[in-house]
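Accompanying notes for the structure given below.
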Amino acid sequence: MTPSNENELTQAALQRLEGAADPRFEEVMRSLVTHLHAFIREVDLQPAEWMAGIEFLTAVGQACDDKRQEFILLSDTLGASMMVVMLDQLRAAARTGQSSQAGKTLHATETTEATVQGPYYWDGAPDLPLGADIAPGVRGEPAFYSGRVTDTRGQPLANALLDIWSGDGEGVYDMQVEGAGMAARARIRTDAEGRYWFWSIKPSYYPVPVDGPVGRMLAGMGRHPNRPGHIHMKVVAEGHVPVTTHLFVAGSPYIDSDAVFGVRPSLVVDFESHPPGKAPDGRAIERPYWSAHYDFHLQPEAA
Ligand code: BEZ
Ligand code: FE
């Protein structure tokens, strides 16, 4: 088919997919072409704007290296990553038989809600014992974290793994410091009653990287680049759907306007302040400290 107008052009581009060997690839590309053509027509894209878009995407690619993934940052800041995370968790809920429908929010008493992984996960954090300080010497105010890992019926999950990471108390991750080793990271396992506890710092808000094309895009959109204070966790237990999530500091700046749309109300935790003294684990603390309590709930995999 040789198209003679805009409608026929879209039809022609879709027809070229008929030879696709993989049906899912065809489905995804069919939708992409349909939406892309509709977008160009809706905004009446001018040739100079099309070229600006090409140059922007080229710059996004050029900003990527083995440490920086500007395309994921683009996806994060447009809410695309979070959309994939939300749909994936709904799909897992449907697969494992937990009642759910697209658009229905999961509740805190149900499966712990997932959020974006972000760029600062570093595989191979040290295995530390329960109660360890995972951030010795890291800037920031001490915080005691505790809670349980259970399944969605409340049964404790012993030996569940919490793979934990955060920036320091000023919002800087170890990976952002040239030549620095791992800091504020650990893998901790729950005890026989599914309990966990450890010390780290109270995380601060911080900006996503803004020295590249995504930073320029955010500025052009009139958006701030900040994420509210949070600590990341991957929670894994045998026979259960793992969850990659954060705990957000209630009251943190930007809690209502996370640059990557990662905040979910069920993940916002009160950090309680305490004077120096005897901490809940019996430790004597000479500085004021914070405590945060949170129970994680994992869905059993379908039998
Ligand atoms: C973060 O959590 O650190 C993060 C997530 C998405 C983009 C940038 C940073
Ligand atoms: Fe983070």
Side-chain angles (χ1 to χ4, degrees), residues 59-61 63-86 88-89 112-123 125 134-135 138-141 143 145 162-177 180 182-187 198 200-219 221 223-235 242-269 271 292 294 296:
V60 170
C64 295
D65 58 26
D66 58 343
K67 294 218 176 62
R68 179 159 181 167
Q69 232 304 351
E70 194 80 356
F71 271 112
I72 296 184
L73 187 60
L74 177 60
S75 163
D76 292 346
T77 51
L78 292 178
S81 308
M82 200 53 205
M83 182 64 83
V84 172
V85 166
M86 284 181 171
D88 187 54
Q89 203 169 29
T112 296
E113 292 187 300
T115 187
V116 290
Q117 173 162 313
Y120 301 124
Y121 179 68
W122 192 342
D123 201 11
I134 73 165
V138 169
R139 289 184 300 192
E141 299 166 9
Y145 294 84
L162 283 92
D163 197 342
I164 307 155
W165 72 104
S166 80
D168 66 16
E170 296 184 20
V172 179
Y173 282 79
D174 49 7
M175 284 168 115
Q176 294 174 293
V177 180
M182 283 192 181
R185 297 174 188 272
R187 289 156 44 101
F198 65 91
S200 185
I201 49 85
K202 182 184 179 210
S204 163
Y205 71 90
Y206 60 88
V208 301
V210 287
D211 56 343
V214 171
R216 293 195 290 280
M217 177 193 79
L218 292 176
M221 291 170 126
R223 284 174 54 181
H224 74 73
N226 296 300
R227 301 212 62 207
H230 60 272
I231 182 166
H232 297 250
M233 278 125 182
K234 283 187 197 219
V235 188
V243 67
T244 298
T245 194
H246 307 356
L247 302 183
F248 291 92
V249 180
S252 174
Y254 309 108
I255 196 78
D256 294 323
S257 61
D258 183 2
V260 305
F261 308 96
V263 177
R264 310 184 85 170
S266 70
L267 302 176
V268 177
V269 180
F271 278 62
Y294 195 82
F296 296 92

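Just so you know, ligand 1 is whichever comes first in the structure, and atom 1 is the first atom listed for that ligand. Positions are given from 1 along the sequence.
- The shortest distance between side-chain heavy atoms of Met175 and Trp122 falls below 4.5 Å.
- The option from Tyr120, Tyr206, Tyr121, Trp165 that lies nearest to atom 1 (C) of ligand 1, judged by heavy atoms, is Tyr206.
- Using cut-offs of 30° and 60° for the angle between ring planes, the Phe248 and His246 rings count as tilted.
- At least one N, O or S atom of His230, from either the backbone or the side chain, sits less than 2.8 Å from the Fe ion (ligand 2).
- None of Val249, Leu247, Ile231 except one satisfies the side chain to side chain contact (heavy atoms under 4.5 Å, CB included) rule with Val269; the exception is Leu247.
- In summary, no N, O or S atom of Tyr120 is located under 2.8 Å from the Fe ion (ligand 2).
- Looking at heavy atoms from C-beta onward, Glu70 lies in side-chain contact with Pro213 at the 4.5 angstrom threshold.
- The distance from ligand 1 to the heavy atoms of Tyr173 drops below 4.0 Å at these ligand atoms: 3 (O).
- When only non-hydrogen protein atoms are considered, atom 2 (O) of ligand 1 lies nearest to Arg227 NH1, 2.5 Å.
- Which parts of ligand 1 touch His232 is read off a 4.0 Å heavy-atom cut-off, strictly below it: atoms 1 (C), 2 (O), 3 (O).
- Between the choices Gly167, Gly171, Pro119, Gly118, the shortest heavy-atom distance to atom 9 (C) of ligand 1 belongs to Pro119.
- In the vicinity of Asp76, heavy-atom distances shorter than 4.0 Å reach the ligand 1 atoms 6 (C), 7 (C).
- Distances below 4.0 Å separate heavy atoms of Val260 from the following atoms of ligand 1: 6 (C), 7 (C).
- His230 and Ser166 are not linked by any side-chain donor-acceptor pair at a separation below 3.5 angstrom, with hydrogens and angles left out of the test.
- Take the Fe ion (ligand 2) as the corner point: the lines to OH of Tyr173 and to NE2 of His232 open at 90°, to the nearest 10 degrees.
- Considering backbone and side-chain atoms together, Gln117 places no N or O closer than 3.5 Å to any N or O of ligand 1.
- The pair Glu141-Lys202 fails the salt-bridge criterion, with no side-chain N (NZ, NE, NH1 or NH2) lying under 4.0 Å from an Asp/Glu carboxylate O.
- Ligand 1 is approached by His230 to a heavy-atom distance shorter than 4.0 Å.
- Using a cut-off of 2.8 Å, one finds that Ser166 contributes no N/O/S atom close to the Fe ion (ligand 2).
- Aromatic ring orientation, Tyr120 versus Tyr173: parallel (interplanar angle below 30°, classes split at 30° and 60°).
- Using a 4.0 Å cut-off between a side-chain N of Lys or Arg and a carboxylate O of Asp or Glu, Asp163 and Lys234 do not qualify as a salt bridge.
- At a threshold of 4.5 Å between non-hydrogen side-chain atoms, the residues Val260 and Ser81 do not count as touching.
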